[in-house]
There are 4 protein chains.
Amino acid sequence: MDDRKVARQRRLAESKRQHILDAAREAFAEDGLEKASLRAIATKAGYTPAALYFHFPSKEAIYAELLRSSLLSLGESVAAEVTGAETAEARFRAAGMGFFRYYAKNPSELDLGFYLFRGGMKPAGLDRETDKELNAALEAALRPLAKAARDMGAGAEEAELSMVNIFAHATGLLLLLHTGRIRMFGASAEALMQQYVDQQVEVLRGG
Amino acid sequence: MDDRKVARQRRLAESKRQHILDAAREAFAEDGLEKASLRAIATKAGYTPAALYFHFPSKEAIYAELLRSSLLSLGESVAAEVTGAETAEARFRAAGMGFFRYYAKNPSELDLGFYLFRGGMKPAGLDRETDKELNAALEAALRPLAKAARDMGAGAEEAELSMVNIFAHATGLLLLLHTGRIRMFGASAEALMQQYVDQQVEVLRGG
Amino acid sequence: MDDRKVARQRRLAESKRQHILDAAREAFAEDGLEKASLRAIATKAGYTPAALYFHFPSKEAIYAELLRSSLLSLGESVAAEVTGAETAEARFRAAGMGFFRYYAKNPSELDLGFYLFRGGMKPAGLDRETDKELNAALEAALRPLAKAARDMGAGAEEAELSMVNIFAHATGLLLLLHTGRIRMFGASAEALMQQYVDQQVEVLRGG
Amino acid sequence: MDDRKVARQRRLAESKRQHILDAAREAFAEDGLEKASLRAIATKAGYTPAALYFHFPSKEAIYAELLRSSLLSLGESVAAEVTGAETAEARFRAAGMGFFRYYAKNPSELDLGFYLFRGGMKPAGLDRETDKELNAALEAALRPLAKAARDMGAGAEEAELSMVNIFAHATGLLLLLHTGRIRMFGASAEALMQQYVDQQVEVLRGG
DNA sequence: TATGAATGAGTATTCATTCAT
DNA sequence: TATGAATGAATACTCATTCAT
């Protein structure tokens, strides 16, 4: 009985947290990560700023949680695409394009992710532990790439480099896609990514 | 005599401007572009905040000037590397690696440049004119790539895409290099860039 | 029980608002409306500047509220004086002298009101709606004059002009009274106002 | 020879002063007395802010000089109108309407003048001496009214009061005229002033 | 006389956070 | 859990004035 109560309360609390996170995602997408204020998030969620402190210890914590869930969701998305593929090569392609497409479809999360890479060595004021965790989540999302490369016969190092290459190219293209700052002469970013994946497959095969 | 006086004053003023810009570069590098305050810049430069307004009309103007000079310097650097090369292929390599190396050597300017690509479509509040100018400077710096590609026999569109590809890959690798996240893979960013340029040359040749 | 709590809180909040308004009135009276700073108001009220923003959305809003309540109070004061009077003539006198006396007794509110008339056509940055509301409140306070004039047999236009005349004369005398410049003439402002009202009554009768 | 040089220089200096005062008048008219900045005045005059300090010791001094010259000019204007009139009554009318018309035609100077009456007892930070001088200038401008009243047979006190009355009524009407804040139902402010002067003449005659 | 450069004090407003209730 | 109230530090920017040149 008590247990049920507790469980219900926990579910309720969790749903409120999610509600706040949704509001935060919205606010961050609208005003940018540094300009979005706690007050804006609270208002969007239908709360007072002070109320958020019952659910999160700080604004940074909200951001961190958002980023974590984004990276997990990215990981799941990539994993799901890979699962369907039968050959190693198909898995490599699926992982590479899955990574790219996830961010192409969720541009606001790309912004979120870039925050990790900000200010030289300073990831925004997250504590080391959180930072490590987030890093691990990102690596986990990319891992299927290296795995598939190895399955294609690549050595450990070669597989890692393949992963890095795919990550780098995808990131660069997404940056361009997302900001539209360089005219791509009619080329779709996705087509360019596809092309690069093909090249990389060729390299792995040839190597 | 008067002329000399005036000239000396102008030089003095210019050196003070540069001094402030240096302080700003430092402040931006330390605290990020949105969090670095005018006060911080002024303090670093040994001035009162109000004093900066004699040299620059606003904080954004400081940032814009910094970025403009960075992009021009990038352009010059790339152009210089290209000049020495004799064949079209050598020019393509020189331009691609020149772009990469410029930012590899000047990481704080990379940060500066990324600001242009931040916040979805919101580039910080620069007026349209400045924004256009900065875009043009960036494109000018990349132009030698497309030029060299055409000299290698590529069509207009193919040349543009080559440029975009190089830009994307370099950007992605620089992001990793700059944030130290590439070390975890044990790879040399420059070697990877070199490799990609080779690939791209191959593609252009083959096409 | 909850209701009582809420009611008590509301009363408390209202009393704090009034406290701040009093401080503002004082600050405005001391330093003039444009020079009185939010900081000064806050300090006088025993608050931090930021705290005021919980009670009012801006400095202008404080001023507007002060002026609105002053004009309403003026209106009530005039209305009260008129109510007691039995004949139309007595009501005219009561309204005219009531208007004059209100400001003679509350000189700081005169200052407040003059702000409405300052700076050519630029009333300080109040939004149109507020501006209209304040105008309406002023006119409402003067309305009994026109009403009484009509009751004395004046036409619509004549009644309006009577109102304008009384307003003008009172205003001019109050300016002199308030700034102490009337003492140099050794005259009693109130006596002069009385005299003018008498004259005006005569005119209305004669017409 | 030296004398001529000195004289020429003095004239030059004086013309520069006047030029600055013109600029200040313009700036004050545009932005209000408290918001117009020294910088704005300087720019309008084609100077650097610092340059103005060779011609005036402070911003307040500029304001004071502007006001003094305005009051002198008012005095001259009134005196000129009076001069032409032959009878005492005509002189009274001329003085009263002259006062009114001067400000009706030069509304920005009305603003200037009101500054004298600002902030309770605080005339804006002018030193006592300047304040007295300005007061004297105002009184001198009004003096012809009292003089004419006496010439019409009024006693000393009655004449003073007549002057005060005219001043008050004119001021009140000008305030309304200048700000347009009360719809005057087709009545021109000048007609109302004329009417009041007529009344006052009647009183003086009758008394 | 005039300027460019600089200052110190000031402006209204915003922010993340805390705390009594 | 949630709120209203409050804070202290911060923000970019403006101002009248000073001073070496």
Side-chain angles (χ1 to χ4, degrees), chain A residues 9 12-13 16 34-42 45-62 125, chain B residues 5-6 8-10 12-13 16-17 20 34-42 45-62 125, chain C residues 5-6 8-10 12-13 16-17 20 34-42 45-62 125, chain D residues 9 12-13 16 34-42 45-62 125:
Chain A
Q9 277 186 341
L12 189 62
K16 284 178 185 171
E34 325 222 17
K35 286 187 73 185
S37 67
L38 228 208
R39 175 164 249 101
I41 297 172
Y47 282 112
T48 290
L52 301 199
Y53 285 86
F54 287 93
H55 303 276
F56 300 91
S58 74
K59 193 189 166 194
E60 285 298 342
I62 295 179
Chain B
K5 238 186 199 168
V6 166
R8 199 191 330 137
Q9 271 188 344
R10 212 171 295 181
L12 190 63
K16 281 177 188 169
R17 268 178 72 92
I20 293 170
E34 324 220 21
K35 284 187 74 186
S37 67
L38 234 207
R39 166 126 66 231
I41 297 172
Y47 282 114
T48 293
L52 300 200
Y53 284 86
F54 188 82
H55 302 276
F56 300 92
S58 72
K59 190 190 162 192
E60 285 300 341
I62 295 179
Chain C
K5 237 186 200 167
V6 166
R8 199 193 327 138
Q9 271 188 343
R10 213 171 293 181
L12 189 64
K16 282 175 187 170
R17 268 177 73 91
I20 292 170
E34 323 221 22
K35 284 186 73 184
S37 67
L38 232 208
R39 167 126 65 229
I41 297 172
Y47 281 113
T48 292
L52 300 200
Y53 284 85
F54 187 83
H55 302 276
F56 299 92
S58 73
K59 191 190 161 192
E60 286 300 340
I62 295 179
Chain D
Q9 277 185 341
L12 188 63
K16 284 177 186 171
E34 325 222 20
K35 284 187 72 184
S37 66
L38 228 208
R39 176 164 247 100
I41 298 171
Y47 282 113
T48 291
L52 301 199
Y53 286 84
F54 288 93
H55 303 276
F56 300 91
S58 73
K59 193 190 166 192
E60 285 298 342
I62 294 179

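Computation of the quantities below employed the complete heavy-atom set of this structure, encompassing side-chain atoms and omitting hydrogens, waters and symmetry-equivalent molecules. Chain identifiers are assigned alphabetically (A, B, ...) following the order of the sequence lines, protein sequences preceding nucleic acid strands; residue numbering begins at 1 within each chain.
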Select from Pro57(C) and Arg8(C) the residue whose nearest nucleotide in DNA chain E is closer to the 5' end of that strand.
->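 Residue closer to the 5' terminus by nearest nucleotide: Pro57(C).
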
Toward the 5' end of DNA chain E, by each residue's nearest nucleotide, Ala50(B) or Leu38(C) =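 Result of the comparison: Ala50(B).
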
For [N] and [X] - does any side-chain N or O of the residue sit under 4.0 Å from the phosphate oxygens OP1/OP2?
X: Tyr47(C); N: dA6(F); answer: yes
X: His55(B); N: dA6(E); answer: yes
X: Lys16(A); N: dA2(F); answer: yes
X: Thr48(C); N: dA6(F); answer: no

Calculate the interatomic distance between [X] atom [atom1] and [N] atom [atom2]; express it in whole Å.
X: Leu12(C); N: dT3(F); atom1: CG; atom2: P; answer: 19 Å
X: Ile41(C); N: dT13(E); atom1: CD1; atom2: P; answer: 10 Å
X: Lys35(C); N: dT14(F); atom1: NZ; atom2: C1'; answer: 15 Å
X: Leu52(D); N: dC19(F); atom1: CG; atom2: P; answer: 17 Å
X: Phe56(D); N: dT17(F); atom1: CZ; atom2: P; answer: 13 Å
X: Tyr53(A); N: dT17(E); atom1: OH; atom2: P; answer: 3 Å
X: Arg10(B); N: dG4(E); atom1: CZ; atom2: P; answer: 11 Å
X: Glu34(C); N: dA12(E); atom1: CD; atom2: P; answer: 12 Å

Spatial distance of atom CG (Leu38(A)) from atom CZ (Phe56(A)) [nearest 0.5 Å] |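 Answer rounded to 0.5 Å: 10.5 Å.
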
Could you grab the distance from atom CG of Leu52(C) to atom CD1 of Ile62(C), nearest 0.5 Å is fine?
->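 Here the interatomic distance stands at 5.0 Å.
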
From the list [options], which nucleotide is the closest neighbour of the side chain of [X]?
X: Ser58(C); options: dT1(F), dA6(E), dT13(E); value: dT13(E)
X: Lys59(A); options: dA16(E), dC13(F), dT1(E); value: dA16(E)
X: Ser37(D); options: dT17(E), dC15(F), dT13(E); value: dC15(F)

Minimum heavy-atom separation for Lys59(D) to Glu34(D), with atom names?
->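 What the structure gives for the nearest pair is NZ-O, 4.2 Å.
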
DNA chain F: Gln9(A) or Gly46(C), which has the more 5' nearest nucleotide?
->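 Nearer the 5' end of the strand: Gln9(A).
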
Checking side chain to side chain contact (heavy atoms under 4.5 Å, CB included) for the pair Ile41(C)/Tyr47(C): CA distance, chi angles, key distance, verdict?
-> CA-CA 8 Å; Ile41(C) 297 172; Tyr47(C) 281 113; over 6 Å; no

Applying a 3.5 Å limit to both distances, which nucleotide forms a Watson-Crick or G-U wobble pair with dT14(E)?
->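 Answer to the pairing question: dA9(F), which forms a Watson-Crick or G-U pair with dT14(E).
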
Under a 3.5 Å limit for both distances, which nucleotide forms a Watson-Crick or G-U wobble pair with dT21(E), could you say?
->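 Across all strands, the one nucleotide that pairs with dT21(E) is dA2(F).
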
Without swapping roles, check the side chain of Ser58(B) against the backbone of Ala61(B) for a donor-acceptor pair under 3.5 Å.
->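 Checking the backbone N and O of Ala61(B) against the side chain of Ser58(B), a donor-acceptor pair under 3.5 Å is found.
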
How would you label the contact of Ala36(A) with the nucleic acid (heavy atoms, under 4.0 Å): base, sugar-phosphate, or nothing?
->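 Sugar-phosphate: the residue Ala36(A), judged by heavy atoms under 4.0 Å, touches backbone atoms but no base.
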
Can you establish whether the number of heavy atoms outside Arg17(B) located under 6.0 Å from its atom CZ is more than 12?
->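 Yes, enclosed.
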
